[in-house]
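Not measured: the values here are computed from a predicted model. Note: hydrogens, waters and symmetry copies are ignored here, and every other heavy atom, side chains too, is used. Just follow the structure's listing: the first ligand is 1, and inside any ligand the first atom is 1.
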Amino acid sequence: MTKEYDVVIIGGGTGGYVAAIRASQLGLRAAVIEKGKLGGTCLHAGCIPSKALLRSAEVYAQTIDGDKYGVVAPIIRLDFSKVQARKEEITDRLYKGVQHLMKKGKIDVFDGKGSITQTKDVLVELNNGEGEVILSPKNIVIATGSRPRTLPGLEVDGKYVMTSDEALKMETLPNSIIIVGGGVIGIEWASMLSDFGIQVTVIEYADRILPTEDKDISKEVQRLMKKKGVKIVTGAKVLPETLEKGEGVSIKAEHKGKETPFSADKLLVSVGRSPNTEGIGLEKTAVELNPIFIKTNDFYQTNEPNIYAIGDVIGGLQLAHVASHEGIIAIEHMAGQNPKSLDSTLVPRCVYCSPEVASVGLTEEEAKEKGYQVKNGKFSFRAIGKALVFGESDGFVKLVVEEGTNKLLGAHMVGPHVTDMITEAGLACLLNATAMDIAHTIHPHPTLTEAIGEAALAVDGKEIHA
Ligand SMILES: Cc1cc2nc3c(=O)[nH]c(=O)nc-3n(C[C@H](O)[C@H](O)[C@H](O)COP(=O)(O)OP(=O)(O)OC[C@H]3O[C@@H](n4cnc5c(N)ncnc54)[C@H](O)[C@@H]3O)c2cc1C
């Protein structure tokens, strides 16, 4: 028997399940097909579990540093099984929350693998072995997400070579690790493992870590990671064919014209994520890839107007909040709600290393490339009372502003809790605010947000505490 729906969503990750909730709110009859667990990568192998481990690492490092706060603990011991158990507890609680939201929205959830058929129905191969179900939808949303990319020769082997998927499940910590890739995921792991007391080496192909961030941010994060004891090698091309396994792993990288050897207990590959476009019946549709991600218009319609695609599978900024916003826009579009398209320059980008990194809008380099005459306001956390109280005064806030109009073009932060501070700058960008609008916004004292107000004043050299 076929079941009819207004929309069938293939993939119940952050993009898919949020799209389903919005569909239900708009009175659409919706179904989600999930072959793994509702919540997808973000909840089970990404944002949440990694942040739970990062938090434990931060507490561990701070406890060791407790003396500085007058808190003296004679014996500090890391119980990594408890660290993992805490991570599981948090994930499980949020997983139950998503399951509850599906029930509340009267959304049908199918546990199985979905694929589009020749007739543009969706076939579900049920996980419980009870065969197949055919769903007949007016619209389809592909929200199948992504998986870790590896380099040929650096495939996961279950013992020495890992991606973030395996690293999140480690039962014990190694003494040392090589991280291939100094992007967001690589730097989060570097920071976390270093805080857990592990010797970390990051090998990055580009000439700086976090290469898509503002240059000043990359430089400061590199300095702070080195201060933690992380060894960072940039401009280095890993040579997979030199990988050797034995006691641990060893590998060479081409660096400054020489083959430089590196060795450690384990190796983590974090070189990006590939879209899950296989096995979902795309060949039976006119859906196009560009070049590996699904191609869509601004409202996430593919070449087939009734087939939408959202989230990591379409590339761009592969972030949970982007996937969910895209899901909402896609559903509102199919429901004739005339939604506004997403402006990618307004998407906050966060790295949860310690200290954190957060940015929104254009970097200084991007603004110049776009032809803007720019000026900057920069303010260090060293002069912010709350940062000193926290004992975390490394980093700064940098605002990139258009000369003449004083319009905020971008905000870039490295420092304590900046991932919770970036939204103010995001709202300022959305509202076309000027540096003076931000400076006139009253920032309570003592808070870390005072650094934003001071950076806004610094644009015209009027900062108070410098
Ligand atoms: C280590 C790590 C840390 C991260 N940290 C952050 C962070 O802090 N903040 C942030 O914003 N982003 C973070 N991300 C990225 C974030 O997880 C993704 O951007 C987000 O999960 C994308 O959502 P999605 O719905 O597109 O895909 P996914 O969450 O990957 O969901 C896709 C779902 O589709 C299912 N599926 C696939 N094929 C089929 C099929 N044929 N039938 C049925 N189901 C199928 C999968 O099982 C999966 O559950 C992190 C990622 C990683 C790996």
Side-chain angles (χ1 to χ4, degrees), residues 8-20 31-55 87 91 95 98 109-116 122-127 132-133 135 140-149 162-169 179 181 183-190 192 268-282 293-294 300 308-328 330 347-353 356-358 419 422:
V8 165
I9 299 157
I10 308 178
T14 317
Y17 87 73
V18 170
V32 175
I33 307 165
E34 172 52 56
K35 69 175 183 179
K37 280 173 129 180
L38 280 175
T41 305
C42 179
L43 182 49
H44 302 285
C47 328
I48 298 299
S50 64
K51 267 82 248 179
L53 296 187
L54 274 154
R55 174 69 183 139
K87 178 202 84 181
T91 304
Y95 177 45
V98 178
V109 177
F110 291 87
D111 291 333
K113 184 172 172 294
S115 62
I116 304 170
V122 180
L123 174 83
V124 189
E125 295 166 57
L126 295 168
N127 282 345
E132 300 172 345
V133 186
L135 311 182
I140 296 170
V141 178
I142 302 170
T144 48
S146 64
R147 59 184 182 277
R149 193 165 82 85
M162 315 180 278
T163 66
S164 59
D165 280 0
E166 293 72 35
L168 281 168
K169 293 182 204 143
I179 300 180
V184 176
I185 293 177
I187 292 303
E188 286 188 358
W189 278 96
M192 175 215 299
L268 172 69
V269 190
S270 59
V271 291
R273 303 203 31 109
S274 304
N276 293 326
T277 49
E278 303 84 1
I280 52 173
L282 292 187
F293 296 100
I294 295 181
Y300 309 108
Y308 291 71
I310 59 160
D312 279 11
V313 77
I314 67 167
L317 290 167
Q318 289 180 307
L319 294 168
H321 43 288
V322 172
S324 57
H325 267 76
E326 290 173 350
I328 290 170
V347 174
R349 307 172 297 267
C350 300
V351 191
Y352 295 81
C353 47
E356 294 179 338
V357 175
T419 61
I422 195 65

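Ranking protein heavy atoms by distance to atom 18 (C) of ligand 1, first place goes to Asp312 OD2, 3.4 Å. At the shortest separation from atom 21 (O) of ligand 1 among protein heavy atoms lies Cys42 N, 3.3 Å. Of all protein heavy atoms, the one lying nearest to atom 27 (O) of ligand 1 is Gly145 CA, 3.2 Å. Here the protein heavy atom with the shortest distance to atom 31 (O) of ligand 1 is Gly13 CA, 3.3 Å. Here the heavy atom of the protein found nearest to atom 48 (C) of ligand 1 is Glu34 OE1, 3.5 Å. In terms of protein heavy-atom proximity, atom 5 (N) of ligand 1 is closest to Lys51 NZ, 3.1 Å. Looking from atom 34 (O) of ligand 1 to the surrounding protein, the closest heavy atom is Gly11 CA, 3.2 Å. Remark: minimum distance from atom 41 (N) of ligand 1 to any protein heavy atom is reached at Gly114 O, 3.1 Å.
Applying the 4.0 Å criterion to heavy atoms of Tyr352 picks out, from ligand 1, the atoms 8 (O). Heavy-atom proximity to Leu319, at under 4.0 Å, picks out these atoms of ligand 1: 10 (C), 11 (O), 12 (N), 19 (O). The atoms of ligand 1 that sit less than 4.0 Å from any heavy atom of Ser50 are 3 (C). Close approach of ligand 1 to Gly112 (heavy-atom distance below 4.0 Å) involves ligand atoms 42 (N), 43 (C). Per-residue contacts place Gly311 under 4.0 angstrom from the following atoms of ligand 1 (heavy atoms of the residue considered): 26 (O).
At least one N or O atom of His321 sits closer than 3.5 Å to an N or O atom of ligand 1. Here's the thing with Gln318: one of its N/O atoms is less than 3.5 angstrom from an N/O atom of ligand 1. Below 3.5 Å of separation, one finds no N or O of Ile280 facing any N or O of ligand 1. The shortest N/O to N/O separation between Asn276 and ligand 1 does not fall below 3.5 Å. For ligand 1, the polar-atom distance check against Ala45 finds no nitrogen or oxygen pair separated by under 3.5 Å.
In terms of heavy atoms, Ile9 sits closest to Ala143 at CG2-CB, 4.3 Å. Listed here is the closest heavy atom pair of Cys42 and Thr14: CB-OG1, 3.2 Å.
The proximity of Ile185 to ligand 1, defined as any non-hydrogen pair under 4.0 Å, is limited to the side chain. Neither the backbone nor the side chain of Ser115 comes within 4.0 Å of ligand 1, counting heavy atoms alone. Only side-chain heavy atoms of Ile10 come within less than 4.0 Å of ligand 1; its backbone N, CA, C and O stay farther off. Contact annotation: for Ala323 versus ligand 1, heavy atoms closer than 4.0 Å belong to the side chain alone. Counting heavy atoms under 4.0 Å from ligand 1, residue Ser146 touches it through the backbone alone. The proximity of Cys47 to ligand 1, defined as any non-hydrogen pair under 4.0 Å, involves the side chain as well as the backbone.
With a 6.0 Å radius and a threshold of 12 heavy atoms from other residues, nucleotides or ligands, His325 has its NE2 atom at or below the threshold.
Between Cys350 and Glu356, the closest side-chain pair of non-hydrogen atoms is not below 4.5 Å. Looking at Val141 and Ile10, their side chains never come closer than 4.5 Å, going by heavy atoms from C-beta outward. For the pair Asp312 and Pro275, the minimum side-chain heavy-atom distance is 4.5 Å or more. You'll find the side chain of Arg273 stays beyond 4.5 Å of the side chain of Arg149, heavy atoms only. A 4.5 Å side-chain heavy-atom check between Phe110 and Val8 finds every atom pair outside the cut-off. For the pair Trp189 and Ser270, the minimum side-chain heavy-atom distance is 4.5 Å or more. Contact annotation: the side chain of Tyr308 never approaches that of Ile142 to less than 4.5 Å [non-hydrogen atoms, C-beta and beyond]. Side chains of Val122 and Ser115 form no contact here, defined as non-hydrogen atoms less than 4.5 Å apart.
Pairs engaging residues 41-52 under the salt bridge (Lys or Arg N to Asp or Glu O under 4.0 Å) rule: Lys51-Glu188 [sequence neighbours left out].
The closest approach between any non-hydrogen atom of Arg273 and ligand 1 is below 4.0 Å. Not a single heavy atom of His44 lies less than 4.0 angstrom from ligand 1. The closest approach between Gly327 and ligand 1 stays at or above 4.0 Å for every heavy atom of the residue. Using a 4.0 Å heavy-atom cutoff, Gly279 is absent from the residues neighbouring ligand 1.
Closest heavy-atom approach to atom 3 (C) of ligand 1 among the candidates Ala167, Gly46, Ala309, Ala143: Gly46. Looking at Thr41, Val18, Leu317, it is Thr41 that brings a heavy atom closest to atom 30 (O) of ligand 1. Of the options Glu188, Lys35, Lys113, Lys37, the smallest heavy-atom separation from atom 44 (N) of ligand 1 is shown by Lys35. Selection from Ile33, Thr144, Leu123 by nearest heavy atom to atom 38 (N) of ligand 1 gives Thr144. In this structure, of Ala320, Gly39, Pro348, the residue bringing a heavy atom nearest to atom 16 (C) of ligand 1 is Ala320.
Distance check, rounded to the nearest 0.5 Å: CG of Leu126 to NZ of Lys35 gives 15.0 Å. With values rounded to the nearest 0.5 angstrom, Leu168 atom CG is found 12.5 Å from His44 atom NE2. Residue Glu326 holds its CD atom at 10.5 Å from NE2 of His321, rounded to the nearest 0.5 Å.
Distance alone, capped at 3.5 Å, places no donor-acceptor pair between the Lys87 side chain and the Ile48 backbone. For Lys113 (side chain) and Ile33 (main-chain N/O), no donor-acceptor pair under 3.5 Å exists by modelled atom type.
Salt bridge Arg147/Glu278: present, at least one basic N to carboxylate O contact under 4.0 Å.
Asn276 and Thr144 are not linked by any side-chain donor-acceptor pair at a separation below 3.5 angstrom, with hydrogens and angles left out of the test.
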